[in-house]
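Structure first, commentary second.
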Amino acid sequence: MSVVGPGGRIGILGGGQLGRMLAVAAAELGLRVHIYCPDKEAPAAEVAAGFTRAEYEDEAALTRFAESVDVVTYEFENVPAETARILSDHGIVRPGPLALATAQDRHVEKSFLKAQGIATAPFADVASEADLMVAVESIGVPSVLKTRRFGYDGKGQAKIVSPGDAAAAYAEIGRAPAILEGFVNFEREISVVVARGENGETAAYDPVENIHKNHILDRTLAPACLPKAIADEACAIAARIAKELDYVGVMGVEMFLLPEQGNKRRLVVNEIAPRVHNSGHWTMDACTVSQFEQHVRAICGWPLGNPKRHSDAVMTNLIGDEVESWKTLAAEPDTVIHLYGKADARPGRKMGHATRLYPLGKRPPVTPS
Ligand code: AMP
């Protein structure tokens with residue numbers, strides 16, 4: 001592909017905060033962003049050069065959009081397959097269809113990882129209540145029933161503690177196509193944000209530790225305190241996934257770190273996000289090149305930037321009315337705040353984030369709140 005240089009145009013499907021931060025990063029590189037989404041309130045559109053408000057099924061609008069930009073990317077993984085097909089008929093879509101199809105279906109995703117010999121929780125496909133009974137028998141309890149598609153922040157999931165819970169769990173997820181996963185008694189949750197360029201080069205940010213509250217990411221600790229061998233292994237797994245998916249762009253890989261067993265610790269991959277990731281927001285303020293700039297560089301065929309960390313960091317999401325603390329946070333030295341311009345601070349809504357910076361190696365220990 002020819003490189004999309006300064007003055008070039010990037011189309012982004014989705015109008016949320018990830019699109020907004022991508023648009024700002026693209027503007028810093030002299031590129032222009034056009035947002036496409038059906039929503040009236042689109043935080044990304046406020047900072048973009050162009051905005052099309054239309055449904056993802058609107059073929060005429062999609063065609064006009066694709067033909068007005070040099071490359072299309074997306075900020076969420078649930079892009080309908082038909083939308084991606086229409087867009088790719090008219091131009092370049094990055095990451096490509098394999099990554100999208102793999103990451104938007106948990107069964108396809110886990111089967112792909114298994115085929116690569118990458119460890120996951122044990123899982124089984126569930127297409128009916130009878131399947132679920134068989135799966136509970138083979139995987140055992142406790143286990144987690146997850147919808148194959150459209151789950152996020154713990155939505156579309158039900159825990160099964162005893163076999164008698166299975167029918168209720170299935171009803172709870174709306175009897176949707178699902179997978180049953182064995183419950184992993186992890187020690188910590190970590191993630192790796194990795195970029196892969198058009199030429200196959202990869203660059204991973206340091207693995208980070210993620211702490212959740214009410215199933216939503218609360219804080220990211222950068223870096224995760226891990227033995228070097230484990231940190232290297234986490235980065236290698238993420239880079240391998242990107243390579244096998246022929247990925248171009250930035251991707252988040254969520255993993256569980258299992259407790260030490262006989263001097264060995266294991267990593268298990270939980271989920272692949274084919275986009276910039278909430279656990280990579282700290283890179284905006286603590287790295288030479290942020291995940292947003294990195295994604296723009298990758299999809300535009302530029303050399304990847306240096307993912308090196310110049311500071312340690314704790315990123316805290318501002319969820320719902322937590323955003324009201326902006327004034328206090330703004331007065332703190334060494335804290336950088338990012339607010340997404342959303343009007344309504346509904347419970348559970350990501351309104352912004354704050355990143356507190358520390359000199360390398362000087363981050364104080366953090367305990368869950
Ligand atoms: P997910 O939507 O798959 O990212 O899951 C949301 C959260 O649920 C994860 O961040 C974990 O805290 C928890 N979780 C998901 N799958 C499992 C599992 N197999 N075992 C234990 N906890 C899990």
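Positions are given from 1 along the sequence. First listed ligand is number 1; within each ligand, the first listed atom is number 1.
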Does K146 come within less than 4.0 Å of ligand 1, judged by its heavy atoms? yes
Determine, step by step, whether Q157 and H215 satisfy the side-chain hydrogen bond (donor to acceptor under 3.5 Å, both in side chains) criterion, reporting the C-alpha distance in whole Å, the side-chain angles of both residues, the deciding distance to 0.1 Å, and the verdict. CA-CA 10 Å; Q157 293 193 17; H215 298 286; 5.6 Å; no
For ligand 1, note which part of N185 has a heavy atom under 4.0 Å away: side chain, backbone, both or neither. neither
For the pair W282 and Y205, name the ring-plane relationship: parallel under 30°, tilted 30 to 60°, perpendicular over 60°. perpendicular
Residue, atom and distance of the protein heavy atom nearest atom 2 (O) of ligand 1 read Q157 NE2, 2.7 Å
Pairs where residues 6-21 contributes a residue and the test side-chain hydrogen bond (donor to acceptor under 3.5 Å, both in side chains) is met, not counting sequence neighbours: R9-D70, Q17-K342, R20-E46
Of all the non-hydrogen atoms in the protein, which one sits nearest to atom 14 (N) of ligand 1, and at what distance? F256 CZ, 3.9 Å
Would one find an N or O of F186, backbone or side chain, under 3.5 Å from an N or O of ligand 1? no
Examine distances only and state if a side-chain atom of W326 and a backbone atom of G352 form a donor-acceptor pair shorter than 3.5 Å. no
Take every heavy atom of G182, measure it against each atom of ligand 1, and state whether any distance is under 4.0 Å. yes
Judged by non-hydrogen atoms, does H215 sit under 4.0 Å from ligand 1? no
Closest to atom 12 (O) of ligand 1 (judged by heavy-atom distance), picking from E189, R106, E181, E109: E189
